[in-house]
Amino acid sequence: MSRILVLYTGGTIGMDHTPEGLAPVPGLLPRLLQRFARPGLEFDIVEFEQLIDSSALTPRQWNQILDALVSRYHDYDGFVVIHGTDTMAYTAGVLAFALRGLAKPVVLTGAQLPLVHPRSDGWSNLADALEAACQPDLNEVAIAFDRLLLRGSRARKLDVERFAGFNSPNAEPLAEFAIHAHWRKERWLKPDGEWNPLRIEENLKLAALMLTPGHGSALAGQVLRDGGLDGAVLLAYGSGNAPADPVLLDGIAAMTARGCPVLTLTQAPSGAVEVGAYAASQPLARAGALPGADLTPEAALAKLQALLSAGVSGDELRKRLVRPLRGEMTV
Ligand code: ASP
């Protein structure tokens, strides 16, 4: 017998047509979920008071999800978080870093089409998420979507049209669902340390800045210098290259001097930052930017959010940012 807690936060999956367009309808999804009742599976549903389109997500919702999950952690074998797809990868990243010592499955899912639509992908996503949440060896945060189970801190929303909305460009899936469920257990994380979940600091000021040819690098530099940021992700070109623009480099140096990290990522959809592959990667590193390897932007922001919320600072912060904490990067 598996006992699963389902947290319903909003998203397309539980929406219905309203005069304003698709919007979440309270009570609808818990009613539809009864279809999954079967011997051997017991589940309770917590519907959030304010169901949201996840484009409206703020750190407050992360703490609501964390509070709901942490307060019932010992009462359930696994957890399913039903979430809008727009920001699901950000939430998955935050949960992956905030749920320190997690030793149970936490599986996020949603859908491209609402359950009330005759061709909804939501049914199969929910079925796969529930099944994954019953796996006693899954000690991590994952996303179940379009017949794949992906590491939460590796997943990205990559398509808004096809049902294959998510993938993890730099990591193999944790499972594939076909006629049989293919659990790739050799890829699953082992539990790591004592259960010691974090709450998120809701007022951190983080930014992801994408370099573009022309004024883009100077604009990024100005935001880094004057934006009052606590941390930033810089989406550089290729394997971490950037023009040696003095405004950009000053901005990075100013952030670094204040103890506020700047992580260099690539704006390419897959692959990693490699300092030194090109001479054009060196100025960023010399100014103090940290190489983010193959972190996704979502996971990089989540990692900053969690480490800064935990009060990690100085050299320790820089050290932890460039090494994997929960399978989120390859070094
Ligand atoms: N806008 C929706 C949301 O993120 C999209 C979805 O759920 O697919 O809430």
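Because the structure is a prediction, the values reported are computed rather than measured. Residues: numbered from 1 along the sequence shown. Each ligand, and each atom within it, is numbered from 1 in the order the structure gives.
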Would one find an N or O of [X], backbone or side chain, under 3.5 Å from an N or O of ligand 1?
X	answer
D86	yes
H83	no
S55	no
K157	no

(Q) Taking 4.0 angstrom as the limit and counting only heavy atoms of D53, give me the atoms of ligand 1 inside it, by number and element. (A)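 Those atoms are 1 (N), 2 (C), 3 (C), 4 (O), 9 (O).
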Note to self: Suppose I only count heavy atoms of G11 and a 4.0 Å limit; which atoms of ligand 1 are within that range?
What the structure shows: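 Within the 4.0 Å cut-off of G11, ligand 1 contributes 7 (O), 9 (O).
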*asked:* So L126 and I13, do their side chains get closer than 4.5 Å, heavy atoms only?
replied: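 Side chain of I13 against side chain of L126, heavy atoms only: contact under 4.5 Å found.
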- [ ] For the pair R258 (side chain) and L229 (backbone), establish whether a donor and an acceptor sit closer than 3.5 Å, ignoring hydrogens and angles.
- [x]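 Side chain of R258 to backbone of L229: a pair is present.
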**Request:** Can you pull out the closest protein heavy atom to atom 8 (O) of ligand 1? Residue, atom name and distance to 0.1 Å, please.
**Result:**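 Ranking protein heavy atoms by distance from atom 8 (O) of ligand 1, first comes T85 OG1, 2.5 Å.
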Exercise. Starting from atom 9 (O) of ligand 1, locate the nearest protein heavy atom and write down its residue, its atom name and how far away it is, to 0.1 Å.
Key: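 In this structure, atom 9 (O) of ligand 1 has S54 N, 2.7 Å as its nearest protein heavy atom.
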Should the pair H74 and W195 be assigned to parallel (<30°), tilted (30 to 60°) or perpendicular (>60°) ring geometry?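 Perpendicular, since the angle between the ring planes exceeds 60°.
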Are V70 and V106 connected in a single hydrophobic cluster, I mean Ile/Leu/Val/Met/Phe/Trp/Tyr linked by side-chain heavy atoms less than 4.5 Å apart?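 V106 and V70: one cluster.
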Original post:
In terms of hydrophobic clustering (I, L, V, M, F, W, Y; side-chain heavy atoms under 4.5 Å; direct or indirect links), are L204 and L234 co-clustered?
Top reply: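 Each belongs to a different hydrophobic cluster.
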- Evaluating non-hydrogen atoms only, which member of L51, T12, L57 is closest to atom 6 (C) of ligand 1?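 Shortest heavy-atom distance from atom 6 (C) of ligand 1: T12.
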- Going through the distances and angles, do L148 and F166 end up as a side chain to side chain contact (heavy atoms under 4.5 Å, CB included)? CA-CA 9 Å; L148 292 176; F166 285 80; over 6 Å; no
Review point. Strictly under 4.0 Å, does any heavy atom of A111 approach an atom of ligand 1?
Key: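 A heavy atom of A111 does come that close to ligand 1.
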- For H83, which of T9, T91, T109 qualifies under side-chain hydrogen bond (donor to acceptor under 3.5 Å, both in side chains)?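 For H83, the side-chain hydrogen bond (donor to acceptor under 3.5 Å, both in side chains) check succeeds only for T91.
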